Peer 1: 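Sharing a structure with you now.
Any value given below was found using the heavy atoms of this structure, including those in side chains, with hydrogens, waters and symmetry copies removed. Since the model is a prediction, treat every value here as computed from it, not as a measurement. Labels below follow one simple rule: chain letters A, B, ... track the order of the sequence lines, proteins then strands, and each chain is numbered from 1.
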Protein chains: 2
Amino acid sequence: MIEETLAEQIARQLRRDILRGKLAPGSSIKERDNAAEMGVSRTPMREAIRILAKEGLVILRPARSPIVAEPSIKEISDQVEVLLALEKLSAELACKNATEEDLAELERIQEYVDLNFDGSDPLDMFEVDMSFHSAIARASGNDVIADMHRTLLERLWRARYLAARRRRNRARVVLQHGAILDALKARDRVAALEAIEAHLGHLEHDIREVIEQEAEANMVSGTS
Amino acid sequence: MIEETLAEQIARQLRRDILRGKLAPGSSIKERDNAAEMGVSRTPMREAIRILAKEGLVILRPARSPIVAEPSIKEISDQVEVLLALEKLSAELACKNATEEDLAELERIQEYVDLNFDGSDPLDMFEVDMSFHSAIARASGNDVIADMHRTLLERLWRARYLAARRRRNRARVVLQHGAILDALKARDRVAALEAIEAHLGHLEHDIREVIEQEAEANMVSGTS
DNA sequence: TTTTCAAATTTGGTATACCAAAAGTCGTTG
DNA sequence: CAACGACTTTTGGTATACCAAATTTGAAAA
């Protein structure tokens, strides 16, 4: 069979539309209409919706159309809180368990950022930043942590993207990543925790700011 | 429509069979055969399998029958590691955020255990123990933590059940729960962390012991 | 006897049709 | 004019049929 199932393709398309804001939060996703619109049957569309529900992007309600999730500020800040905790735990474990390949991977990413710091697409840089953090989670050697971390990054994609666009402080990011990397290479648990906290400490604040702004914008335009 | 969808009923039934060991790890779940066997069509069976896949109980392989997951010792110990971290984080947050109702709920469970300590069904006690820990996660006030915690408890159901059956040290459990509860009520972060660690510290060891025993048993009977 | 290739079977993916429940609508009645 | 109720529409849940890919099997050839 094909490498990627039709349902997964649909899910990917819908996910893109949702994260890019093309599908407004709160809008309903009727499996009949959407399926017809995309020229597929209801079966894969149904499964695609379930996939996105699992990812928290859409909400399944009994006997109701699924709707695009509208993450509240609390939900997002809860997610960031756990993301921070997971990453601190990762760093701690990585000091103990990280293989040389794990560290090399982190270094490779950091080098890439160094070289392409200027002139590269912000969205590209953003993806690289995500991959750096994912690599830390993987370096913990704990697959459950890596999975949960990835899930949270996915769910926070939109919020993080908005926050990252806002602040063009990539120089700071590079420095902070370097501090984390150095601490991990030295297997210095305390330094690693501090570096992580310094780096992600701003994240919740940034995200909260962006989300609140968006909430206000919606308030006046009446998309509540 | 009905309260519980047919797919969910099937998922519940399959989950029971898997966790109780009725469906051996590694055995394949063919959606055609299973659907016919249970007298339903493939559609809800298919969805049920996806639900269980999300829970980690079955593995979906491209172009292959789904099989019952056979969690390795590392997977389980990874899960326990995260469970412990989440619960410590919960306790820490609960010291700050727990409402009076949260604490009352914990106290209610503890009282129930006190009263029904003797003479009650071990499986019943086990469920109550799980609910105590879930309540701690909920008391953190962070829904993401509560969700992840619940997911981990579900995935660890079988391992925890085996471990709990083995050691009939419910007296110790009651005492340790009491210590946790006291620390939370006093909003004493350090004491809470210590109490959690003391309580769950044994868990990984117990589970590892049980799982290794089972692995050995499978080794000789050749179910590998 | 071994190897190879093609036909048949198995199995998951997709499309379509039908059903039942919930919500929306409109008319009737108090 | 308001409120209640029956009818229609909408929508998700389920069953069934068909398709394509992957595996298996068996026969033929080297």
Side-chain angles (χ1 to χ4, degrees), chain A residues 1-18 22-70 222-224, chain B residues 1-18 22-70 222-224:
Chain A
M1 308 174 185
I2 333 169
E3 289 186 1
E4 190 179 32
T5 202
L6 183 55
E8 285 163 348
Q9 293 177 40
I10 299 170
R12 196 155 43 79
Q13 180 60 39
L14 284 178
R15 181 167 33 230
R16 257 194 101 230
D17 291 348
I18 293 175
K22 205 168 153 191
L23 259 58
S27 63
S28 65
I29 301 183
K30 303 186 236 297
E31 60 180 59
R32 251 187 185 79
D33 297 0
N34 272 58
E37 193 175 322
M38 296 186 67
V40 299
S41 82
R42 284 178 56 204
T43 314
M45 173 59 69
R46 179 183 176 76
E47 190 168 333
I49 291 175
R50 302 305 165 116
I51 292 176
L52 296 180
K54 180 183 82 174
E55 296 176 5
L57 286 176
V58 307
I59 306 293
L60 255 43
R61 307 170 298 177
R64 252 336 189 294
S65 290
I67 58 175
V68 177
E70 186 166 20
T223 315
S224 76
Chain B
M1 308 177 186
I2 333 170
E3 290 185 358
E4 191 179 32
T5 202
L6 184 54
E8 285 164 348
Q9 292 176 41
I10 298 170
R12 196 155 42 80
Q13 178 62 38
L14 284 178
R15 181 165 37 227
R16 257 195 102 229
D17 292 348
I18 293 174
K22 206 167 152 189
L23 259 58
S27 61
S28 65
I29 301 183
K30 302 186 237 297
E31 61 181 58
R32 249 188 186 77
D33 297 0
N34 272 55
E37 194 175 322
M38 296 186 66
V40 299
S41 84
R42 284 177 56 205
T43 314
M45 172 61 68
R46 180 183 175 78
E47 189 169 332
I49 291 174
R50 303 306 166 117
I51 292 176
L52 296 179
K54 179 183 82 174
E55 296 176 6
L57 286 177
V58 308
I59 307 292
L60 254 42
R61 307 169 299 177
R64 261 317 197 303
S65 291
I67 58 174
V68 178
E70 186 165 21
T223 316
S224 79

Peer 1: Given A:Ile29, which of A:Ile67, A:Ile49, A:Ile59, A:Asp17 fulfils the side chain to side chain contact (heavy atoms under 4.5 Å, CB included) condition?
Peer 2: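 That would be A:Ile49; it is the only one of A:Ile67, A:Ile49, A:Ile59, A:Asp17 passing the side chain to side chain contact (heavy atoms under 4.5 Å, CB included) with A:Ile29.
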Peer 1: Taking atom C1' of C:dA23 as reference, at what distance in whole Å does atom CD1 of A:Ile67 sit?
Peer 2: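 Going from CD1 in A:Ile67 over to C1' in C:dA23 covers 16 Å.
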Peer 1: Of the non-hydrogen atoms in B:Ala35 and B:Ser41, which two are nearest, and what is the gap between them?
Peer 2: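 Taking every non-hydrogen atom into account, CB-O, 3.6 Å.
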Peer 1: Between C:dG12, C:dT14, D:dT14, which nucleotide has the shortest distance from any of its atoms to the side chain of B:Leu6?
Peer 2: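 Of the candidates, D:dT14 comes closest.
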Peer 1: Is a donor-acceptor pair below 3.5 Å formed from side chain A:Arg61 to base D:dG12, judging by atom type as modelled?
Peer 2: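 Not at all, since no donor on one side and acceptor on the other fall under 3.5 Å apart.
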Peer 1: I'd like to know if the side chain of B:Arg61 reaches the main chain of B:Ser65, judged simply by a donor and an acceptor atom lying under 3.5 Å from each other, with no hydrogens or angles considered.
Peer 2: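 It does hold such a pair.
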Peer 1: Give a yes/no answer on whether the side chain of B:Thr43 brings an N or O atom under 4.0 Å of OP1 or OP2 in D:dG13.
Peer 2: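 So the side-chain polar atoms of B:Thr43 never come under 4.0 Å of the phosphate oxygens OP1 or OP2 of D:dG13.
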Peer 1: When we call it a touch if two heavy atoms are under 4.0 Å apart, what does A:Arg64 touch: a base, just sugar-phosphate, or nothing?
Peer 2: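 Sugar-phosphate, backbone atoms only, no base.
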Peer 1: Nearest whole angstrom, please: distance from the C1' of C:dG13 to the CD1 of B:Ile49.
Peer 2: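 Between C1' of C:dG13 and CD1 of B:Ile49: 13 Å.
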Peer 1: Show the nearest heavy-atom pair for residues A:Ala7 and A:Pro44, with the distance to one decimal.
Peer 2: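 Closest approach of A:Ala7 to A:Pro44: CB-O, 3.6 Å.
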Peer 1: Could you tell me how far apart A:Glu8 (CD) and C:dT14 (P) are, to the nearest whole angstrom?
Peer 2: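 Those two atoms, CD and P, are 9 Å apart.
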Peer 1: Grab the CG-P distance between A:Asp33 and D:dG12 for me, whole Å please.
Peer 2: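 So the CG-P distance, A:Asp33 to D:dG12, works out to 8 Å.
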Peer 1: Let me know, please, whether A:Pro66 or B:Ser41 comes out on the 5' side of the other along DNA chain D by nearest nucleotide.
Peer 2: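 Between the two, 5'-proximity favours A:Pro66.
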Peer 1: Measure across B:Ala53 and B:Leu60 and return the closest heavy-atom pair with its distance rounded to 0.1 Å.
Peer 2: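 Answer, listing the atom of B:Ala53 first, then B:Leu60: CB-CD1, 3.9 Å.
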Peer 1: Can you tell me the distance, in whole Å, between the CE atom of A:Met38 and the P atom of C:dA15?
Peer 2: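 For the pair A:Met38 CE and C:dA15 P, the rounded distance is 11 Å.
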Peer 1: What is the distance from CD of B:Glu47 to C1' of D:dA15, rounded to the nearest Å?
Peer 2: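 Taking CD of B:Glu47 and C1' of D:dA15, I get 14 Å after rounding.
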Peer 1: Is the phosphate of C:dG12, meaning OP1 or OP2, less than 4.0 Å from a side-chain N or O of A:Thr5?
Peer 2: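 No, A:Thr5 has no side-chain N/O under 4.0 Å of OP1/OP2 on C:dG12.
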Peer 1: Among D:dT14, C:dG13, C:dT14, find the nucleotide with the atom closest to the side chain of B:Arg32.
Peer 2: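 Between D:dT14, C:dG13, C:dT14, the one nearest the side chain of B:Arg32 would be C:dG13.
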Peer 1: The side chain of A:Arg42 is closest to which nucleotide in this list: D:dT14, C:dT14, C:dG12?
Peer 2: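 From the listed options, D:dT14 comes nearest.
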Peer 1: For D:dG13 and A:Arg50 - does any side-chain N or O of the residue sit under 4.0 Å from the phosphate oxygens OP1/OP2?
Peer 2: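 Yes.
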Peer 1: Take the protein atom NZ of B:Lys30 and the nucleotide atom C1' of C:dT10, then report the distance between them rounded to whole Å.
Peer 2: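 Atom NZ in B:Lys30 sits about 9 Å away from atom C1' in C:dT10.
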Peer 1: Can you tell me the distance, in whole Å, between the CG atom of B:Asn34 and the P atom of C:dT11?
Peer 2: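 Taking CG of B:Asn34 and P of C:dT11, I get 11 Å after rounding.
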Peer 1: Any side-chain N or O of B:Arg46 below 4.0 angstrom from OP1/OP2 of C:dG13?
Peer 2: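 So the side chain of B:Arg46 is within the cut-off, an N or O lying under 4.0 Å from OP1 or OP2 of C:dG13.
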